[in-house]
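Just so you know, ligand 1 is whichever comes first in the structure, and atom 1 is the first atom listed for that ligand. Numbering starts at 1 and runs along the sequence shown.
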Amino acid sequence: MDPAGREARDVADLFWVMLIGAGVVWTIVLGVAVYATRVKTDAHEEHVGKRLIFWGGVVFPVVVLAALLVYGLRLMPELRQPGEGLRIDVAGEQFWWRVRYRPQNGPEVVTANEIRMPVGERVEFALTSPHVIHAFWIPTLGGKVDMIPGRENRLVLEAEKPGTYRGVCAEFCGASHALMAFDVVVMEKPAFDAWLAAQAAPLPTATGDLARGRDLFLQNGCGACHAVAGIEARGEVGPNLSRFGARKTLGAGALPNTAENVVRFIAETDKVKPRVTMPSYPALPRDDLTAIAAYLGSLK
Ligand code: CUA
């Protein structure tokens with residue numbers, strides 16, 4: 001109801017037209033019903049009744065519904081126009097989002113659970129899923145599109161206002177379906193370009209306490225599932241954590257991204273996100289968890 005993108009505005013306008021149309025029809029039907037039962041209760045002559053059925057029961061609904069249908073269908077070609085340059089591949093995982101930027105110039109960037117896009121540009125999303133159906137939905141920017149195993153669906157979105165918006169999974173996909181959200185950060189074009197270029201730059205090497213966190217991360221095998229650029233962590237099963245510290249939430253919108261919450265997420269993953277693939281690590285010493293959380297928080 002508060003659109004910040006072209007497609008969402010079109011959908012909101014459609015909603016209001018349909019709502020007002022439905023309201024007018026509802027009022028007329030109720031008015032006629034009250035008139036027939038309270039005001040003029042005696043029977044009509046047969047030819048008057050037939051005429052009423054023909055005009056009120058056939059012609060009127062056909063004209064009104066056809067007009068609303070044409071208005072609604074008019075939007076479809078507009079919503080199908082191709083994107084302009086930036087393409088973002090998004091895959092729905094259980095229960096998180098794999099995100100890959102494919103800029104026309106410059107290297108690909110892989111991230112997770114957060115999408116950034118420039119304002120005023122038609123960005124094309126290629127939506128897939130490896131195992132179950134999810135639905136990709138950023139309500140303030142546009143309509144929802146299913147992510148279906150074995151096919152690639154396209155969605156083009158043009159953000160009109162910079163800001164941070166919430167994206168969600170809109171198709172039941174398992175126990176943690178309701179904990180499958182993502183942040184959408186819409187930025188001015190130069191800021192976005194600078195951000196994307198910075199993602200491809202190498203991460204600074206961890207030193208001191210942070211180095212201890214990095215070593216614990218590797219020793220505990222986190223790198224088998226998670227990738228972090230520049231170290232021996234290349235797993236692709238779980239979310240890429242290269243710039244984890246810059247994200248606002250963790251666990252795909254499950255918790256705010258604070259060190260305390262990272263400790264909690266690692267120690268009791270299944271309590272925070274039921275049925276998630278990642279195992280819990282309740283036996284890890286508190287000290288080690290804190291060090292790992294500090295290291296992950298430093299990855300920006
Ligand atoms: Cu993914 Cu619901």
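Rounding to 10 degrees gives 110° for the angle at atom 1 (Cu) of ligand 1 between SD of Met180 and SG of Cys169. Put simply, the angle at atom 1 (Cu) of ligand 1 from SG in Cys173 to ND1 in His134 is close to 100°, to the nearest 10°.
Looking at His177 and atom 2 (Cu) of ligand 1 together, the shortest N, O or S contact belongs to ND1. The atom of Glu171 nearest to atom 2 (Cu) of ligand 1 is O, with the search restricted to N, O or S atoms.
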Stepwise salt bridge (Lys or Arg N to Asp or Glu O under 4.0 Å) test for Arg234 and Glu236: CA-CA 6 Å; Arg234 302 210 175 83; Glu236 291 196 343; over 6 Å; no

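The hydrophobic cluster containing Ile115 also contains Leu127, counting ILVMFWY residues as joined when their side-chain heavy atoms lie under 4.5 angstrom apart, directly or transitively.
Side-chain N/O atoms of Thr164 and Asp183 include no donor and acceptor closer than 3.5 Å.
Relative to the six-membered ring of Phe54, Arg51 misses at least one condition, a distance below 6.0 Å or an angle of at most 45° to the axis.
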